[in-house]
Amino acid sequence: MNLPKKAREAQNGSYSPYSKFRVGAALLTEEGEVILGANVENASYGLTCCAERNAFFKAVNEGKRKFKAIAVVGDMDGFCTPCGACRQVMDEFCGKDCEIVLINSKDELKILKMNDLLPFSFNGEHLV
Ligand code: THU
């Protein structure tokens, strides 16, 4: 299964009339299912929700709780690295070895681990 290709497909769901920056995310569950998400903007800009968080919230609402990888793509020369809020949400459901696959406009890949994106995270273990 081609997760980067799925992330590109997910861009079609983007609602981004303000930034015109379409971001797509494809989330791979532990069971091998792929859940897509795209960014949804709002005229009150701060209410915008990123592609990554939309993918996670959709998956979690469908009962998925564990994930192996997420692919993220934006139409840019560089890599669309997840924002801080998305990193915290991702960390809630991803182990430290979960793969974060970033794709640029030339279809080059950069593969990171959850631990690279958010080391020393605050997580559920701090609350027990
Ligand atoms: N955005 C994402 O969806 N994911 C990211 O990783 C970075 C930014 C969205 C939010 C907003 O709709 C647009 O990109 C510009 O910031």
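Just so it is clear, the structure is predicted and the values come from calculations on it, not from any experiment. Just follow the structure's listing: the first ligand is 1, and inside any ligand the first atom is 1. Along the sequence shown, the residues carry numbers beginning at 1.
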(message) Within this structure, what is the CG-CG distance for the pair Leu36 and Asn54, rounded to the nearest 0.5 Å?
(response) 11.5 Å
(request) Looking only at protein heavy atoms, identify the closest one to atom 16 (O) of ligand 1 and say how far it is in Å. (result) Phe21 CD2, 4.8 Å
(message) Looking at every heavy atom in both Ala55 and Ala25, which two are closest together, and how far apart are they?
(response) CB-CB, 4.3 Å
(message) Using every non-hydrogen atom in the two residues, find where Gly74 and Cys80 come nearest and quote the distance to one decimal.
(response) N-CB, 4.0 Å
(request) May I ask you to decide if the ring planes of Tyr18 and Tyr45 are parallel, tilted or perpendicular, using 30° and 60° as cut-offs? (result) tilted
(message) Could you report the tightest heavy-atom contact between Ala7 and Ile103, atom names first, then the distance?
(response) CB-CD1, 4.3 Å
(request) Could you list which atoms of ligand 1 come closer than 4.0 Å to a heavy atom of Val23? (result) 1 (N), 2 (C), 3 (O), 4 (N), 9 (C), 14 (O)
(message) Students should be able to answer this: which protein heavy-atom is nearest to atom 8 (C) of ligand 1, and at what distance?
(response) Cys50 SG, 4.1 Å
(message) I'd like to know whether ligand 1 has Cys80 as a neighbour, heavy-atom separation below 4.0 Å.
(response) yes
(request) Answer with side chain, backbone, both or neither: which part of Thr81 has a heavy atom less than 4.0 angstrom from an atom of ligand 1? (result) backbone
(request) Classify the contact between Ser19 and ligand 1 as side chain, backbone, both or neither, using a heavy-atom distance cut-off of under 4.0 Å. (result) side chain
(request) Could you tell me whether atom 4 (N) of ligand 1 has at least one protein heavy atom nearer than 4.0 Å? (result) yes
(request) May I ask whether Pro82 places a heavy atom under 4.0 Å from ligand 1? (result) yes
(request) Using distance alone, determine whether Asn39 and ligand 1 share an N or O pair under 3.5 Å. (result) yes
(message) Atom NZ of residue position Lys5 - does it have more than 12 heavy atoms of other residues, nucleotides or ligands inside 6.0 Å?
(response) no
